[in-house]
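Single-structure report; data block below.
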Amino acid sequence: MPTAREIMTAGVTCAQENETLMDAARKMAELDVGSLPICGSDNQLKGMLTDRDIVVKVLAAGNDPTSVTVAQLAQGKPVTIGADDDSTEILATMAKHKVRRLPVIDGHDLVGIVALADVARALPDRPVGDLLDTLSER
């Protein structure tokens, strides 16, 4: 069974918690991604920011993305996976928490992201299909 380290996307760029959402949105556009991990000044993971968060929680609420910081959208403890955890644990964690992206942690350091697409490329169709069914339930 492959580990998170083997299937993750490495070299992840963070949104710093003191950045504005406008800066984070520009970073998402430049990287062509829909989410960014939120990192603190200590380089520790503080949460995840998605393009949906920006639209629903800021723009649709009538707030100014140039004055709202990334830290203001970081909620609770982020769901993560260990770098050496295997694909069974990845599937179980994604299904349990209904997330499509898992930050990969080695010790206290963010080393990558396992996205649903990474899982789909690395694993057989059946477990990926089961995960997709779980994530699609409302």
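As the structure is a prediction and not an experimental result, all values here were calculated from the model.
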- Got a second to check how far K46's NZ is from L110's CG, nearest 0.5 Å? 12.0 Å
- Message: Counting C-beta onward and ignoring hydrogens, is there a side-chain heavy-atom pair between T3 and E6 closer than 4.5 Å?
- Response: yes
- Minimal heavy-atom distance between G40 and E17, with the atoms involved, is CA-OE2, 3.2 Å
- Item | Contact summary for I90 and D85, nearest pair of heavy atoms | CD1-O, 4.3 Å
- Query: Taking side chain as C-beta onward, heavy atoms only, is V99 less than 4.5 Å from M48?
  - Reply: no
- Query: Is C39 close to Q16 at the side-chain level, that is, under 4.5 Å between some pair of heavy atoms?
  - Reply: yes
- Item | Check: D109 side chain, V111 main-chain N or O, donor-acceptor pair, under 3.5 Å | no
- Query: Tell me, do R5 and V104 make a side-chain contact under 4.5 Å, heavy atoms counted?
  - Reply: no
- Message: For a 4.5 angstrom cut-off between non-hydrogen side-chain atoms, does V70 reach L21?
- Response: yes
- Message: So which atom in M28 and which in L49 form the shortest heavy-atom distance, rounded to 0.1 Å?
- Response: CE-O, 3.4 Å
- Note on the structure: For A24 and L36 the tightest heavy-atom approach is O-CD1, 3.8 Å
- Task: Each residue besides M1 in its hydrophobic cluster should be listed here, by chain and number; the cluster joins Ile, Leu, Val, Met, Phe, Trp and Tyr at side-chain heavy-atom distances under 4.5 Å.
- Result: none
- Item | For D23, all residues meeting side chain to side chain donor-acceptor pair (under 3.5 Å), sequence neighbours excluded | T20
- Please tell me if the side chains of P65 and L59 come closer than 4.5 Å, counting only heavy atoms from C-beta onward. yes
- Task: Measure the shortest side-chain to side-chain distance between M94 and I81 over non-hydrogen atoms and say whether it is less than 4.5 angstrom.
- Result: no
